[in-house]
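Below you'll find the structure, written out as structure tokens, and then a few comments.
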2 protein chains.
Amino acid sequence: MPRVKCPKCQQPERILKSGIVRNKQRYYCKDCDYHFVIPSARKRTRETSARDTGATSLRDIARTAGVSIATVSRALHDHPDISAQTRSFIKSLADEMNYQPNMLAQSLVNRSTHTIGVIIPNLNTTFFSSMLSGIQQVCARSGYRVVICQSDEDHNTEIANIQALMNNMIDGLLICHTLHTDTFEHLRMQMNKRIPIVQFYRVSEDLPISKIHADDEAGAETVTEHLIAKGCKRIALLLGPKNLSITQKRLKGHLQALKRHGVTLDRKLLAHVDFSHEKVTRAVDHWLKLSPAIDAIFSISEKCAVQIIGHLKKKKIRIPRQIRVVGFGNEYTGEIVEPQLTTYDVRTREIGEEACRVMLEQLISGNREVVDKRIAGKLIVRQSS
Amino acid sequence: MPRVKCPKCQQPERILKSGIVRNKQRYYCKDCDYHFVIPSARKRTRETSARDTGATSLRDIARTAGVSIATVSRALHDHPDISAQTRSFIKSLADEMNYQPNMLAQSLVNRSTHTIGVIIPNLNTTFFSSMLSGIQQVCARSGYRVVICQSDEDHNTEIANIQALMNNMIDGLLICHTLHTDTFEHLRMQMNKRIPIVQFYRVSEDLPISKIHADDEAGAETVTEHLIAKGCKRIALLLGPKNLSITQKRLKGHLQALKRHGVTLDRKLLAHVDFSHEKVTRAVDHWLKLSPAIDAIFSISEKCAVQIIGHLKKKKIRIPRQIRVVGFGNEYTGEIVEPQLTTYDVRTREIGEEACRVMLEQLISGNREVVDKRIAGKLIVRQSS
DNA sequence: AACCATTACGCAAACGTTTAAGATAGATAG
DNA sequence: CTATCTATCTTAAACGTTTGCGTAATGGTT
């Protein structure tokens, strides 16, 4: 046995082996009644670890300035307890040493990250990204940061994203649900935490959570009335999944318009799809076989409306002569496609801005009142109708 | 003076006032030689503060389980030191109490957030968002999270985003610079930190940082050769700002193609723009006045190419009869516009994926080798040429 | 001289984790 | 029976901040 000294009495006598723990020999000094191992070299100490990240910490500044950490922290935060001299000295020193505060540590003690999280279904179209722009602009003005997670229209990804963000990463959550989110238990579970949640665009009906959405019902009613005014009687309606609130609302608006103008509803003219390319094509092809023939297609998805125009053109169907096509949303592609798409502008950017404003109001004033706002849009008539 | 007791000797005698600090009366006990204030009620204690956030912590679990915090932590991490009984007990308890680890605290001690940050110029087109999709998909497979910041093509926002993210929020940074980023000092300053950086698509030339980009030079050469093959002699080239690496590379490719095929360059056919709507329109209008007339427009921005098609159509110019138009990038809008746009597919998604792969390789294996990869794209010929 | 105010600091606890290493009981070997 | 081993705990330091409160020095009033 190598001469092992007891760390207490410094004597090598009366030392016994005392088992192996995690592959390391342990010893026992009978004199001192003390168990120990020979300490490993890589034990963390403030010296070695400071070099670990390469970043300067408050401690580094304090040491070179010859003051306490508290003083440095206060100087950098303009606390009145610190003399003007010390303050400016510390500040210039921090600058020199390129100090940048560790936000994790700050957030941990402040219990706030000054960051709001956004969960959004996808960024493949300008539709959602323009909401994002609105959010970011409002946030930037208030000094908040934005982090974005794409759920990719996948319910489980949405859940994973929520959990990741809600575990103290953000001060508030802005969420727009996936196409397939029909249960909101995952959200309800998070509601007992102190962090406010605001839903936007695609919202849940019954949860007591603030929500900002489009005027789906009135909008759809306006669109259908526009088609009826153009003389359409056989209006096919392309809808999203039944669970989706926007599907329900827009259908309702459509039905109201029909009813008001005495147009009878043909259930065959309603199609629920998941907005995928083939499902849309199939739905349209099915409509085209109907008799009496349809004279309009109203797609509650702008993207699908554009796709439908392409499909009809391939079939040599004249737009708007034979069939009028209208979308809902107002995206950039609607202006590019030929004929240009008539659509309902849901003012996505404003929805984002307003959702963010409501969030900031809750964060800053601590006001936890549940608000439910509808952003009014407007019809944009173009060539396709 | 109210009867104030000394916290040490519990006697109200011999207590003197000793100044006011921050609006609070201070006292001094002559017996104990001890200064004190009457402590404020809202002093933080583990009891009150635990309730503060409403979240269960390891301490809460430890207390109700009657074990130490260390044991709980180890049980949840399947550390072998913990007995099977204890482990399953703790786990079920944690489940019951709806425990979710505080990621800030975890990251602080682990020095890793398991998150990679992406800074991207904008999300207004599918161009960048498809890179994002690639990034997210690769990340998801490795259990990393993604946070996204939009710089909005603004240099200062880019700097602010970098600083925010690099202060310990992320393990690695993926960045695509703004249109106007011509100095990279802000990036160089971050390079001494341990956080790896990978540039993608728009990269800097001289910084020793890993980069993934398109085959800009070869791509542009291919496009121009395609136009030459179609008989074009007067090819106008719409470029981005001169500082941009993609501008330089694509121009170089264009020139090579001209040279190889003996087409002489007319400097009037080159235009540098910031991709804004009016600048592009102005450039095109200027070209249209030239003589001999131009017979093709090659825009290195896909979005501008689509815009140019719209502009030429408005002027009743036949595409591709009078002027052939080609873009670079391959976005969704290129398929929608009429005539459909010939373009060079830069495989944006693959660029994102590869950038992310390189990053993960650096994070996981610790390999800090600087890589510089070009993703090969390919020409997509459509109606506009 | 006795008391009180003010200024400008330092100490240490707290935020919620992770993780060396110390401790202890019971089992096993010689 | 003694020395050692194993399994399973607990203790405490560390991550980098913020902040309540203690305190020394100095100066001003009675």
Side-chain angles (χ1 to χ4, degrees), chain A residues 7 16-22 24-28 30 33-40 42-46 49-50 52-53 55-60 62 67-77 79-87 101-111 167-168, chain B residues 16-22 24-28 30 33-40 42-46 49-50 52-53 55-60 62 67-77 79-87 101-111 168:
Chain A
L16 309 175
K17 287 196 184 173
S18 154
I20 295 179
V21 170
R22 287 175 288 275
K24 277 168 72 173
Q25 183 61 60
R26 308 192 68 248
Y27 302 95
Y28 174 67
K30 290 199 75 165
D33 183 33
Y34 180 57
H35 295 262
F36 62 92
V37 300
I38 23 187
S40 63
R42 60 165 286 289
K43 186 180 175 184
R44 282 196 296 191
T45 113
R46 60 208 67 159
S49 63
D52 210 1
T53 91
T56 24
S57 68
L58 284 188
R59 180 188 296 148
D60 299 330
V67 297
S68 73
I69 294 178
T71 301
V72 177
S73 173
R74 291 198 166 102
L76 295 177
H77 287 292
H79 189 286
D81 265 14
I82 307 299
S83 71
Q85 282 179 45
T86 313
R87 175 168 37 243
N102 182 324
M103 309 221 12
L104 292 175
Q106 276 185 327
S107 301
L108 185 59
V109 34
N110 289 336
R111 295 156 165 287
N167 288 353
N168 311 89
Chain B
L16 309 175
K17 286 195 185 172
S18 152
I20 295 178
V21 170
R22 287 177 288 275
K24 276 169 71 174
Q25 182 61 61
R26 310 195 67 253
Y27 302 94
Y28 175 68
K30 289 201 73 168
D33 182 33
Y34 182 55
H35 295 262
F36 61 93
V37 300
I38 25 182
S40 64
R42 60 165 284 289
K43 186 181 175 182
R44 282 196 296 191
T45 114
R46 60 209 66 158
S49 63
D52 210 2
T53 90
T56 25
S57 67
L58 284 188
R59 179 188 292 142
D60 298 329
V67 298
S68 73
I69 294 178
T71 301
V72 177
S73 174
R74 292 204 163 97
L76 296 177
H77 287 291
H79 189 284
D81 265 14
I82 307 300
S83 71
Q85 281 180 46
T86 314
R87 174 166 39 243
N102 182 325
M103 309 223 10
L104 292 176
Q106 275 185 326
S107 302
L108 185 59
V109 36
N110 289 336
R111 295 155 165 286
N168 311 88

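Since the structure is predicted, the reported quantities are computational estimates derived from the model, not experimental observations. Every chain is numbered from 1, with letters handed out A, B, ... down the list of sequences.
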Ile69(B) side chain, from C-beta outward: closest of dG16(D), dC9(D), dT17(C)
dT17(C)
If you check the Ala70(B) side chain, which of dT17(D), dT19(C), dT17(C) turns out closest?
dT19(C)
Between [N] ([atom2]) and [X] ([atom1]): distance, integer Å:
X	N	atom1	atom2	result
Leu58(B)	dT17(C)	CG	P	4 Å
Ile82(B)	dA7(D)	CD1	P	13 Å
Leu108(A)	dT18(D)	CG	C1'	10 Å
Met103(A)	dG16(C)	CE	P	18 Å
Asp81(B)	dT8(D)	CG	P	8 Å
Asp60(A)	dT17(D)	CG	C1'	13 Å
His79(B)	dT18(C)	NE2	C1'	10 Å
Leu104(B)	dG16(D)	CG	P	15 Å

side-chain contact (heavy atoms from CB on, under 4.5 Å) partners for Leu58(B), two or more places apart:
Ile69(B), Val72(B), Ser73(B), Leu76(B), Tyr99(B)
Those residues at least two apart in sequence (or on a different chain) that pass side-chain contact (heavy atoms from CB on, under 4.5 Å) with Thr71(A) are Val67(A), Ser68(A), Ile82(A), Thr86(A)
For [X] and [N], is the shortest distance between a side-chain N/O and OP1 or OP2 below 4.0 Å?
X	N	result
Thr86(A)	dC9(C)	yes
Ser83(A)	dT7(C)	no
Ser107(A)	dC15(C)	no
Ser73(A)	dT17(D)	no
Gln106(B)	dT18(C)	yes
Thr71(A)	dG10(C)	yes
Ser68(B)	dT10(D)	yes

With nearest nucleotides of DNA chain D determined for Arg87(B) and His77(A) from heavy-atom distances, which residue corresponds to the more 5′ nucleotide?
Arg87(B)
Assign each of Arg74(A) and Pro80(B) the nucleotide of DNA chain D bearing its closest heavy atom; nearer the 5' end lies the nucleotide of Pro80(B)
Could you check whether the side chain of Arg111(A) and the base of dG16(C) have a donor-acceptor pair of N or O atoms closer than 3.5 Å, going by distance alone?
no
List for me each residue that meets salt bridge (charged side-chain N to carboxylate O under 4.0 Å, His left out) alongside Arg74(A), sequence neighbours excluded, and say none if there are none.
none
When rounded to the nearest 0.5 Å, the distance separating CZ of Arg87(A) from CG of Asp81(A) is 10.0 Å
Atom CG of Asn168(A) and atom CG of Leu104(B): how far apart are they, to the nearest 0.5 Å?
5.0 Å
Difference in axis direction between the ends of the helix from dA1(C)-dT30(D) to dG30(C)-dC1(D), five pairs, 10°:
70°
